[in-house]
A.B. asks: 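Below: one structure in structure tokens.
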Amino acid sequence: MTDVDFKKVLVAEDSSVIQNLLKKILLFENCKITSAKDGQSVLDQFELEEFDLVIMDINLPKLDGLEATRQIRQKSNIPIIGISGNAQNLSEDIFFKAGMNEYMQKPLDYDKLIEWVKKYTS
Amino acid sequence: MQEEINSATLETLLQHMSKDDYLELVKEFVLNTELQLQNIHYNAFRAESQAVIRAVHSIKGNAISLGFDLLSHQSAEFEKALKETEIKTNSAIFVQYISAIAKSIENLVDYFNIDDRRRF
């Protein structure tokens with residue numbers, strides 16, 4: 001299989017365990033994963049290459065996932081799926097207003113996540 | 001030990017990855033959590049409460065993602081206690097939480113037979 005067959009997904013998550021978990025799951029779905037551990041790295045990576053989808057944790061160091069999403073939205077309509085282990089009692093509106101297409105709290109519903117990945121990369 | 005693991009989460013994960021892949025993640029989780037426990041001690045002695053809370057929060061999120069519900073619950077209780085009150089590192093409650101998490105990790109190591117984790 002060549003690179004052309006893969007969908008390129010940028011995973012923004014500061015936990016290496018969850019990064020690798022998502023890598024393994026999405027590899028099964030023919031996705032090629034690039035990881036970023038903080039919000040600034042997301043923006044830097046976004047400048048370097050094109051992606052089909054972003055999976056964005058909210059609680060990222062340096063620049064949080066909401067702000068990184070707002071900055072991406074100034075230049076791109078790429079689908080963004082937000083994930084968070086602690087929504088800090090924020091209403092779901094905030095995630096969508098920042099520009100996320102979908103939002104999911106941890107623990108992740110892996111079946112639903114894959115459904116969304118397929119939906120937004122097909 | 002089986003009751004400490006969410007069988008539904010495990011079943012779902014194994015639908016999307018091989019058993020070997022899952023075991024790799026468990027090994028990484030064990031090593032990562034041991035490092036986080038060291039971070040907790042280091043930062044607690046320096047009264048860096050936010051760093052301690054972040055480390056406990058990280059253990060909680062990683063544990064629930066892999067189906068380790070008891071460990072996630074223990075971490076959630078610890079995180080809640082840390083946010084509600086200042087806990088001294090030599091207090092009984094601090095030692096109790098740390099010991100519970102460390103014990104759960106040892107149970108995982110035994111259950112998944114990953115004594116060779118230090119080679120990774």
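Quick caveat, the model's predicted, so the values are computed rather than measured. In the text below, chain A, chain B and the rest are named by the order of the sequence lines, each starting its count at 1.
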A.B. asks: Enter the distance from A:Ile18:CD1 to B:Leu66:CG here, rounded to the nearest 0.5 Å.
C.D. replies: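 Separation between the atoms: 8.0 Å.
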A.B. asks: To the closest 0.5 Å, what do you measure between CG (A:Leu22) and NE2 (B:His16)?
C.D. replies: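 Result: 11.5 Å between the selected atoms.
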A.B. asks: Are B:Ile64 and B:Leu10 linked, directly or through intermediate hydrophobic residues, by side-chain heavy-atom contacts shorter than 4.5 Å (ILVMFWY only)?
C.D. replies: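 Hydrophobic grouping puts B:Leu10 apart from B:Ile64.
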A.B. asks: For A:Leu21 and B:Leu25, which heavy atoms make the closest approach, and how far apart are they?
C.D. replies: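 Smallest interatomic distance, heavy atoms only, reads N-CD2, 3.6 Å.
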A.B. asks: Does atom CD of A:Glu50 have more than 12 heavy-atom neighbours from other groups under 6.0 Å away?
C.D. replies: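 It does not: A:Glu50 CD has 12 such atoms or fewer within range.
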A.B. asks: Side chain, backbone, both or neither: which part of B:Ser18 has a heavy atom under 4.5 Å from chain A?
C.D. replies: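 Just the backbone, heavy atoms under 4.5 Å.
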A.B. asks: Report whether B:Val95 and B:Leu37 are members of the same hydrophobic cluster (ILVMFWY, side-chain heavy atoms less than 4.5 Å apart, transitive linking).
C.D. replies: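 Per the 4.5 Å side-chain linkage, B:Val95 and B:Leu37 are not co-clustered.
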A.B. asks: Could you state the interatomic distance from CE (B:Met17) to NZ (A:Lys23), rounded to the nearest 0.5 Å?
C.D. replies: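 It is 12.5 Å, given to the nearest 0.5 Å.
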A.B. asks: What part of A:Leu108 lies closer than 4.5 angstrom to a heavy atom of chain B: side chain, backbone, both or neither?
C.D. replies: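 For A:Leu108, neither part sits under 4.5 Å from chain B.
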A.B. asks: Working to the nearest 0.5 angstrom, can you tell me the gap between A:Ile25 CD1 and B:Tyr22 OH?
C.D. replies: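 Reported to 0.5 Å precision, the distance equals 11.0 Å.
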A.B. asks: Are A:Ile78 and A:Phe96 connected into the same hydrophobic cluster when the rule is that any two of I, L, V, M, F, W, Y join if their side-chain heavy atoms are below 4.5 Å apart?
C.D. replies: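 Yes, same cluster.
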A.B. asks: Which atoms of B:Ser65 come close to chain A, meaning under 4.5 Å heavy atom to heavy atom: side chain ones, backbone ones, both, or neither?
C.D. replies: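 Interface part for B:Ser65: both.
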A.B. asks: Check each atom of B:Asp21 against the heavy atoms of chain A and say whether the ones under 4.5 Å are side chain, backbone, both or neither.
C.D. replies: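 Contact with chain A involves both backbone and side-chain atoms of B:Asp21.
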A.B. asks: Going only through I, L, V, M, F, W and Y residues with side-chain contacts under 4.5 Å, is there a path from B:Phe112 to B:Ile59?
C.D. replies: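 Yes, B:Phe112 and B:Ile59 fall within the same hydrophobic cluster.
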A.B. asks: Which bit of A:Leu27 is near chain B, if near means a heavy-atom gap under 4.5 Å: side chain, backbone, both or neither?
C.D. replies: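 Neither part; nothing is under 4.5 Å.
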A.B. asks: Would a single hydrophobic cluster contain both A:Phe28 and B:Leu14, if residues Ile, Leu, Val, Met, Phe, Trp and Tyr are joined by side-chain heavy-atom contacts under 4.5 Å?
C.D. replies: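 No, it is not one cluster - the side chains of B:Leu14 and A:Phe28 are not joined through contacts under 4.5 Å.
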A.B. asks: Could you tell me the separation between the CZ atom of B:Phe29 and the OG atom of A:Ser16, rounded to the nearest 0.5 Å?
C.D. replies: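 With rounding to 0.5 Å, CZ (B:Phe29) is 11.0 Å from OG (A:Ser16).
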A.B. asks: Looking only at heavy atoms, which two atoms of A:Asp111 and B:Gln15 are closest? And how far apart?
C.D. replies: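 That closest heavy-atom pairing would be OD1-OE1, 4.2 Å.
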A.B. asks: Would you compute the distance between atom OG of A:Ser15 and atom NZ of B:Lys60 and round it to the nearest 0.5 angstrom?
C.D. replies: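 Interatomic distance, A:Ser15 OG to B:Lys60 NZ, rounded to 0.5 Å: 13.0 Å.
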A.B. asks: Would the number of heavy atoms belonging to other residues, nucleotides or ligands and lying under 6.0 Å from OH of B:Tyr42 be above 12?
C.D. replies: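 Open.
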